Amino acid sequence: MPRAIALVDCNNFYVSCERLFQPKLEGKPVVVLSNNDGCVVSRSQEVKDLGIKMAVPWYQLKDIAKRHGIIPRSSNYSLYADLSNRVMSLLSGYAPQQEVYSIDECFLELTGIHTVHAELAQTMRQQIKRHVGIPVCVGIGATKTLAKLANHVAKKDPRRDGVCDLNTYNPSELDALLAYFPVGEVWGVGRRSTARLQALGIDTVLDLKRASPKRIRDEFSVVLERTIAELNGIACLELDELMPAKQQIICSRSFGNLVGNLPDLEQAVIAYTTRAAEKLRNQHSIAGGIQVYIRTNPHKERDPQHQEAMLLPLHEATDDTRLLCHAALQGLRRIYRSGYAYQKAGVILTAITPRATRPRTLFDDVESQQRSHALMTTMDAINRRMGSGSLKLLGEGTQKSWAMRRENVSPRYTTEWQELAVATA
DNA sequence: TCTGGGGTCCTAGGACCC
DNA sequence: TCTGGGGTCCTAGGACCC
């Protein structure tokens, strides 16, 4: 029995979440926008049919949106995360192994499950539709890369009813299918590689499957070499079940309005560092360094441009918001230049290690470490109970001139008491 | 006027060591 | 004129993903 891996992927996930609580959006062209209502990050089928591409800036669509009545929604990540958890939890019951790959998709290990896989996949789809309300498609193949491709087929071809199992194809049927898809559809082949592959005459997925692994490795990378093996049914990528601790934690955001003065940048950097430190403590880690960066808007080519980053090593790894903020602010003050209109700032926690294995040194101030830990634990507990941001450092400020714009936001139906959806059946 | 955010992996090159 | 070689660790940057 061959290896069988399924990829389950939610259809137009964010749009589907919005529709769940606003049925009047059903059948209408809907987009979900990124922070600051900047770019399109999720499109309903109606919008895809209009030829609108992913990640297009919203302001460029104002005309076409008006003509076709496209409805914009600001992104609402707490709602999406909650619905994602429900979908993943249901799917975990279908296989001995599950890898949650992103907010809207997961891999399932179906090898050794002695039912017709396509039927099992239909059962999954129906159960998720009934119990959560989100439509999904399922692709099945001998490797992750083939499962991804199968999912793509399931989504594109309406006759397949949302499921495609490539393991049921014989070799020549499979190759015929692969010859139909352009090489850029393959997982791991991005824009750059697509152009370079085409220059070598590798246009379709089948061309890549038959390409010389050695040549591809020499001219591209080991990553693409592995992709060729995966297309040939040789699994190189295993399922990662437990989410490993993050090796870096990023918190960055574009501002709602451009920011020129240092105090506002400091507020933003404190807010981002606070968020990053919470994530760090959530995974029980400490960070050995923090990088801070700021940049002007690169799209405004005529404006004076400045972008700079600085990595601050900490002489002692920590998860203390105060110490991390202190370092981040030091860095910010050194890279900041007056006279520029900054559009974005961010912090990256690096050199992350588990808190439990923190090395002890002669100079450790154990008592102050314990005090710090107690304070942070209390702060996290209060924020969990009273709502994120209830307790924070003074420097973060309360008048956020830099905060993002969200003009079309829907309520957080499932995670905030005040915004709870009331059943009106 | 208005162009996202958060990650991973790989590679090349520099610093440093013996 | 001649200017080792091999190893490790770290960082920056590229490419990709959703």
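Note that the coordinates shown come from a computational prediction; the quantities given were computed from them, not determined experimentally. Below, read A as the first sequence line, B as the second, and so on, with proteins coming before strands; counting in each chain starts at 1.
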For a quick check of understanding: with a heavy-atom distance under 4.0 Å over all strands, which category does [X] fall into, base, sugar-phosphate or nothing?
X	answer
A/S75	nothing
A/N297	sugar-phosphate
A/V186	sugar-phosphate
A/K62	nothing
A/V56	nothing
A/W187	sugar-phosphate
A/I249	sugar-phosphate

Phosphate OP1/OP2 of [N]: any [X] side-chain N/O under 4.0 Å:
X	N	value
A/S221	C/dA15	no
A/R226	B/dC10	yes
A/R253	B/dG6	yes
A/K144	C/dC17	no
A/K300	B/dC2	yes
A/Q343	B/dC2	no
A/Q291	C/dT11	no
A/R192	C/dA15	yes
A/K148	C/dC17	no
A/S254	B/dG5	yes

**Study point:** Residues A/R333, A/E266: salt bridge by 4.0 Å N-O rule
**Key:**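 Here A/R333 pairs with A/E266 in a salt bridge, since their nearest N and O are under 4.0 Å apart.
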Exercise for review: State whether A/K214 and A/D218 are salt-bridged, where the test is any N-O pair (Lys NZ or Arg NE/NH1/NH2 against Asp/Glu carboxylate O) under 4.0 Å.
Suggested key: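 Salt bridge: yes.
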Send over the distance from [X] [atom1] to [N] [atom2], rounded to a whole Å.
X	N	atom1	atom2	result
A/Q60	B/dG4	CD	C1'	14 Å
A/L208	C/dC16	CG	P	13 Å
A/Q283	B/dG6	CD	P	15 Å
A/I52	B/dT3	CD1	P	18 Å
A/Q248	B/dC10	CD	C1'	13 Å
A/K155	C/dC18	NZ	C1'	12 Å
A/L224	B/dC10	CG	P	13 Å
A/I250	B/dG4	CD1	P	15 Å

Checking contacts here: which listed nucleotide ([options]) is nearest the side-chain heavy atoms of [X]?
X	options	result
A/N36	C/dC18, B/dT8, B/dG5	B/dG5
A/D104	C/dC18, B/dC10, C/dC16	C/dC18
A/V41	B/dG7, B/dG4, C/dC18	B/dG4
A/Y59	B/dT3, C/dT11, B/dT8	B/dT3
A/K246	B/dT8, B/dC10, B/dT3	B/dT8
A/C251	B/dT3, B/dG6, B/dT11	B/dG6
A/N35	B/dT8, C/dT11, B/dG5	B/dG5

Practice item. Look at the side chain of A/T357 and the backbone N and O of A/P354, then say whether any donor-acceptor pair between them is shorter than 3.5 Å. Key: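 Such a contact is found between A/T357 side chain and A/P354 backbone.
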Review point. Can you tell me the Watson-Crick or wobble partner of B/dC18, both distances under 3.5 angstrom?
Key: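 Its partner is C/dG5 (Watson-Crick or G-U wobble, both distances under 3.5 Å).
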Review point. Starting at the 5' end of DNA chain B, which residue's closest nucleotide do you reach first, A/K279 or A/G38?
Key: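 Its nucleotide being nearer the 5' end, the pick is A/G38.
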Check your understanding: If each of A/P244 and A/R295 is mapped to the nucleotide of DNA chain B with the nearest heavy atom, which maps nearer the 5' terminus, i.e. the 5' end?
Key ->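 Here A/R295 is the residue nearer the 5' end.
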Check your understanding: What distance, rounded to whole Å, do you find between the two P atoms, one in B/dT3 and one in C/dC18?
Key ->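 Between the two P atoms, the distance is 25 Å.
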Point to revise | A/K156, NZ atom: more than 12 neighbouring heavy atoms under 6.0 Å | key: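 No, not enclosed.
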Practice item. Heavy atoms only: give me the nearest A/V30-A/R73 pair and the separation to one decimal. Key: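 Residues A/V30 and A/R73, closest heavy atoms: CG1-CG, 4.0 Å.
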**Study point:** For A/D319 against A/L324, the heavy-atom pair lying closest together
**Key:**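 Taking every non-hydrogen atom into account, C-CD1, 4.2 Å.
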Review point. For the residue pair A/W187 and A/F181, is the inter-centroid distance of their aromatic rings smaller than 6.0 Å?
Key: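 For A/W187 and A/F181, the ring centres are not under 6.0 Å apart.
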Practice item. Would you check, one step at a time, whether the test side chain to side chain donor-acceptor pair (under 3.5 Å) holds for A/E109 with A/Y94? Key: CA-CA 9 Å; A/E109 179 70 73; A/Y94 282 91; over 6 Å; no
